[in-house]
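Values below: every heavy atom of this structure, side chains too, minus hydrogens, waters and symmetry copies. Throughout, protein chains are lettered first and strands after them, A, B, ... in sequence-line order, and every chain is numbered starting at 1.
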Protein chains: 2
Amino acid sequence: MAKETIAGLAKRLGISKASVSYALNGQPGVSEVTRRRVLDLAEELEWYPSSSARALSRSRSGAVGMVLSADPDLIGTEPYYMGLLAGIETALAEGDMALMLRMVGTDPAQERATYERWAGERKVDGVLMFDHLHEDPRPALLDRLGLPFVLHGAPERHGPALFSGTTTDHAVDSATIVDHLHLRGHRRIAHVSGPHRFLHEEQRIACVRRSAAAHGMAVVTREGNYALAAGHDAVVSLLGDTAEDGVTAVILGNDLMSMGALLALRELGLRCPEDVAIVSWDDSLHCQLASPSVTALSRNPVMQGRVAAELLLSLLDAGTLQTRAMPASDLVARSSTGS
Amino acid sequence: MAKETIAGLAKRLGISKASVSYALNGQPGVSEVTRRRVLDLAEELEWYPSSSARALSRSRSGAVGMVLSADPDLIGTEPYYMGLLAGIETALAEGDMALMLRMVGTDPAQERATYERWAGERKVDGVLMFDHLHEDPRPALLDRLGLPFVLHGAPERHGPALFSGTTTDHAVDSATIVDHLHLRGHRRIAHVSGPHRFLHEEQRIACVRRSAAAHGMAVVTREGNYALAAGHDAVVSLLGDTAEDGVTAVILGNDLMSMGALLALRELGLRCPEDVAIVSWDDSLHCQLASPSVTALSRNPVMQGRVAAELLLSLLDAGTLQTRAMPASDLVARSSTGS
DNA sequence: TGTCATACCTGAACCGGTTCAGTAGTCCTA
DNA sequence: TAGGACTACTGAACCGGTTCAGGTATGACA
């Protein structure tokens with residue numbers, strides 16, 4: 001079947017292309033009876049607007065882009081991103097926007113090159129980004145490129161927003177975790193964070209310190225990279241032969257490192273939660289299924305993705321910069337803290 | 001900065017748009033010195049072709065689409081798809097194609113509506129699909145819509161291919177699993193498959209039966225839906241109070257159901273692998289981390305995604321229908337079968 | 001009756017590329 | 001020296017929408 005076009009519809013109805021366009025887009029300039037005739041014919045012939053023609057004349061691509069940077073072989077292990085993606089996609093679909101996905105390696109230059117290309121080719125109308133970095137070059141880059149964006153996990157700021165983004169109150173989340181441990185009698189805890197280059201990890205570290213200090217608790221910190229082995233190694237270094245300080249609880253930056261921590265405890269002959277308690281800063285099926293099951297902060301990635309996408313949509317069609325605070329996360333108490 | 005266009009380049013160089021276009025696309029019709037001048041200027045001005053203009057005039061969108069149908073809240077639990085996605089995306093990027101992702105619920109009508117829309121709007125040049133269904137309406141639909149596609153997990157066919165796709169030799173995979181169990185002394189096994197509406201599940205059931213029969217082993221089958229609870233419930237029904245037959249090993253259709261099976265065994269007070277062995281038809285971190293760790297068929301989703309995407313690329317630019325057989329999967333022997 | 005506002009509609013330009021048909025100039029060959 | 005082949009280039013049409021400036025017809029009002 002040959003594709004119908006606006007010109008085709010116009011010819012069949014004996015009217016001009018312009019009228020057909022006005023009718024189809026609900027714009028004034030056509031009578032109700034003409035509009036109906038156009039709409040009926042369009043439906044009958046299964047006419048759809050050509051997305052590229054529309055993109056060209058409207059200078060809007062109708063798509064937003066998202067770059068996932070991670071080792072392709074490890075990407076499947078992060079359920080958090082899949083959840084985000086699901087939330088993002090449902091919100092975008094409601095706003096009639098398509099999602100363009102790109103996966104690149106861990107080299108940050110690739111992510112930036114992708115943005116440059118997208119902007120140059122006008123392939124996406126906006127971009128969703130994650131994880132604010134220390135001295136993050138990306139906001140300035142995107143501003144220079146004229147690409148609207150939303151940063152999921154933006155720093156909290158007082159005063160007017162510099163860009164759209166979602167924020168998380170790390171102080172509340174930290175207090176939730178630390179209080180939980182304090183209540184269970186822990187006085188010396190460890191915090192194995194993700195990489196320090198992520199701003200939110202720095203903030204978490206500071207907030208955990210503050211919350212602990214308020215209870216008179218001591219904190220040791222280690223830097224991990226979110227991989228299983230990092231959690232494992234950190235725990236070995238904290239609690240193995242060379243350890244001197246009596247750490248009785250470990251907070252780990254994500255679910256994978258928490259799993260690594262459990263493995264390490266088993267190797268070291270330490271019982272969980274009797275000897276050492278474990279808390280994960282990210283919930284997932286892994287935390288539920290592990291034995292012992294792991295107490296975790298539940299962050300609801302689907303909802304977060306949805307909110308981030310909604311921010312982007314409103315930025316795109318109203319130009320309103322805004323930040324939105326994520327609701328505080330709930331702690332799901334499980335066996336690893338003796339609950 | 002105002003966007004540069006081909007017309008702008010042409011004006012600056014004092015030549016025609018046509019020459020600029022030829023020069024930029026490596027087409028004949030311009031002298032080498034002109035080509036260089038165009039290329040140099042384009043680089044200097046950071047010119048990129050407008051994707052929508054190009055799409056319009058070439059009648060090619062430069063994107064391929066993929067619909068993931070699943071409950072948004074459960075999508076994160078299937079690492080297999082994330083791996084596929086990663087493989088697909090890297091292959092597409094090499095072929096300079098963008099990936100358009102759409103997530104819909106479990107209603108198959110939504111998937112079909114998406115294809116209709118994509119075809120009507122000419123938003124994608126082709127589509128990647130998964131999981132051949134019983135009497136699958138999708139190939140016929142896509143043919144009618146004129147949308148090229150690749151079906152990952154197509155039925156094996158003798159004779160010319162009706163469409164492009166990847167195939168898996170379920171007989172080999174089944175034999176791998178069944179032989180492994182036979183070798184360990186199991187004579188009565190259970191097979192908890194995924195939903196029968198998937199063709200590959202039917203084939204797996206038949207192949208397991210055949211492999212088992214060859215060894216004189218008996219097989220009981222149950223149908224699951226890939227969810228944790230399904231694996232749990234199936235095992236309870238197979239091995240709980242009401243069970244009569246002495247099943248000593250259970251094959252589960254994916255990693256989640258395998259985890260459910262482990263939970264059920266624990267509840268029933270059965271030891272794994274001493275009382276009952278478990279094999280998962282899909283490997284993942286869950287299988288590695290479970291205790292006992294679960295013997296699983298490793299399917300390498302990243303590679304599979306890559307192959308599927310390559311098939312689509314060659315279909316799009318050469319029109320060659322082809323099917324490609326996936327290499328046989330390896331069985332990763334772990335504790336759940338006493339390895 | 002003339003003037004004006006309004007509703008409805010149209011031709012043409014435009015978005016930014018690709019591509020076809022045609023022109024001029026050069027060189028080779030008979 | 002005419003003819004043909006080839007190279008380098010150009011103007012214009014085209015892809016399929018959107019949108020602007022204008023053109024009629026109609027009715028309201030003075």
Side-chain angles (χ1 to χ4, degrees), chain A residues 1-39 41-42 45-63 96 117-123 125, chain B residues 1-39 41-42 45-63 96 117-123 125 146 317:
Chain A
M1 53 173 184
K3 291 282 173 201
E4 266 311 322
T5 68
I6 277 208
L9 297 183
K11 179 131 48 113
R12 284 173 196 256
L13 294 169
I15 60 179
S16 70
K17 276 171 65 180
S19 297
V20 175
S21 174
Y22 292 140
L24 291 167
N25 292 303
Q27 250 150 304
V30 272
S31 66
E32 267 320 303
V33 342
T34 307
R35 189 186 301 278
R36 266 262 63 83
R37 289 208 305 142
V38 172
L39 256 26
L41 183 63
L45 299 180
E46 297 188 356
W47 173 88
Y48 284 91
S50 149
S51 60
S52 42
R54 192 167 255 186
L56 182 59
S57 56
R58 296 225 255 239
S59 315
R60 284 285 233 98
S61 71
D96 223 355
R117 194 142 176 229
W118 277 349
E121 298 182 339
R122 276 136 291 179
K123 203 167 187 97
D125 297 328
Chain B
M1 53 174 184
K3 291 283 172 200
E4 266 311 323
T5 67
I6 277 208
L9 297 183
K11 181 136 43 121
R12 283 170 196 259
L13 294 170
I15 60 179
S16 71
K17 276 171 63 179
S19 296
V20 176
S21 175
Y22 291 142
L24 291 167
N25 293 302
Q27 249 148 303
V30 273
S31 66
E32 267 319 304
V33 346
T34 307
R35 188 185 303 277
R36 266 263 62 83
R37 290 209 305 143
V38 172
L39 256 26
L41 183 63
L45 299 179
E46 297 189 355
W47 173 88
Y48 283 91
S50 149
S51 60
S52 42
R54 194 166 254 187
L56 182 59
S57 57
R58 289 196 184 162
S59 317
R60 284 286 233 103
S61 71
D96 222 356
R117 199 151 169 220
W118 278 347
E121 299 182 340
R122 277 136 289 178
K123 200 165 191 101
D125 297 329
D317 60 48

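Judged as a salt bridge (Lys or Arg N to Asp or Glu O under 4.0 Å), the pairs with a partner in residues 21-34 of chain A (not counting sequence neighbours) are, in order, Glu32(A)-Arg35(A). Identified under the salt bridge (Lys or Arg N to Asp or Glu O under 4.0 Å) test for residues 5-14 of chain A, with sequence neighbours left out: Glu4(A)-Arg12(A).
Of all nucleotides in DNA chain D, those with any atom nearer than 4.0 Å to a heavy atom of chain A start and finish, going 5' to 3', at dG16(D) to dC20(D).
Every side-chain contact (heavy atoms from CB on, under 4.5 Å) that Asp317(B) has, sequence neighbours left out, goes to Arg60(B). Partners of Ser51(B) according to the side chain to side chain donor-acceptor pair (under 3.5 Å) rule, which considers only residues two or more places apart in sequence or in another chain, do not exist here. In this structure, Ser57(B) has no side chain to side chain donor-acceptor pair (under 3.5 Å) partners at least two apart in sequence or on a different chain. Residues forming a side chain to side chain donor-acceptor pair (under 3.5 Å) with Arg54(B) (at least two apart in sequence, or on another chain): Asn25(B). A search for side-chain contact (heavy atoms from CB on, under 4.5 Å) contacts involving Ser59(B) returns nothing, not counting sequence neighbours. Under the side chain to side chain donor-acceptor pair (under 3.5 Å) criterion, Arg36(A) pairs with Asp40(A), not counting sequence neighbours. Thr5(B) meets the side-chain contact (heavy atoms from CB on, under 4.5 Å) test with Ala7(B); sequence neighbours excluded.
Looking at residues 17-29 of chain A, you'll see Lys17(A), Ala18(A), Ser21(A), Tyr22(A), Asn25(A), Gln27(A) sit with a heavy atom under 4.0 Å from some atom of DNA chain D.
Within 4.0 Å of Thr34(B), counting heavy atoms only, lie sugar-phosphate atoms of the nucleic acid but no base atom. No contact: Gly8(B) has no heavy atom under 4.0 Å from any strand.
Under 4.0 Å is where a charged nitrogen must lie from a carboxylate oxygen, and between Arg58(A) and Asp125(A) no such pair does.
Between its opening and closing five pairs, the helix from dT1(C)-dA30(D) to dA30(C)-dT1(D) changes axis direction by 60°, a value rounded to 10 degrees.
If you find the closest nucleotide of DNA chain D to Arg35(B) and to Ser59(B), the one lying nearer the 5' end belongs to Arg35(B).
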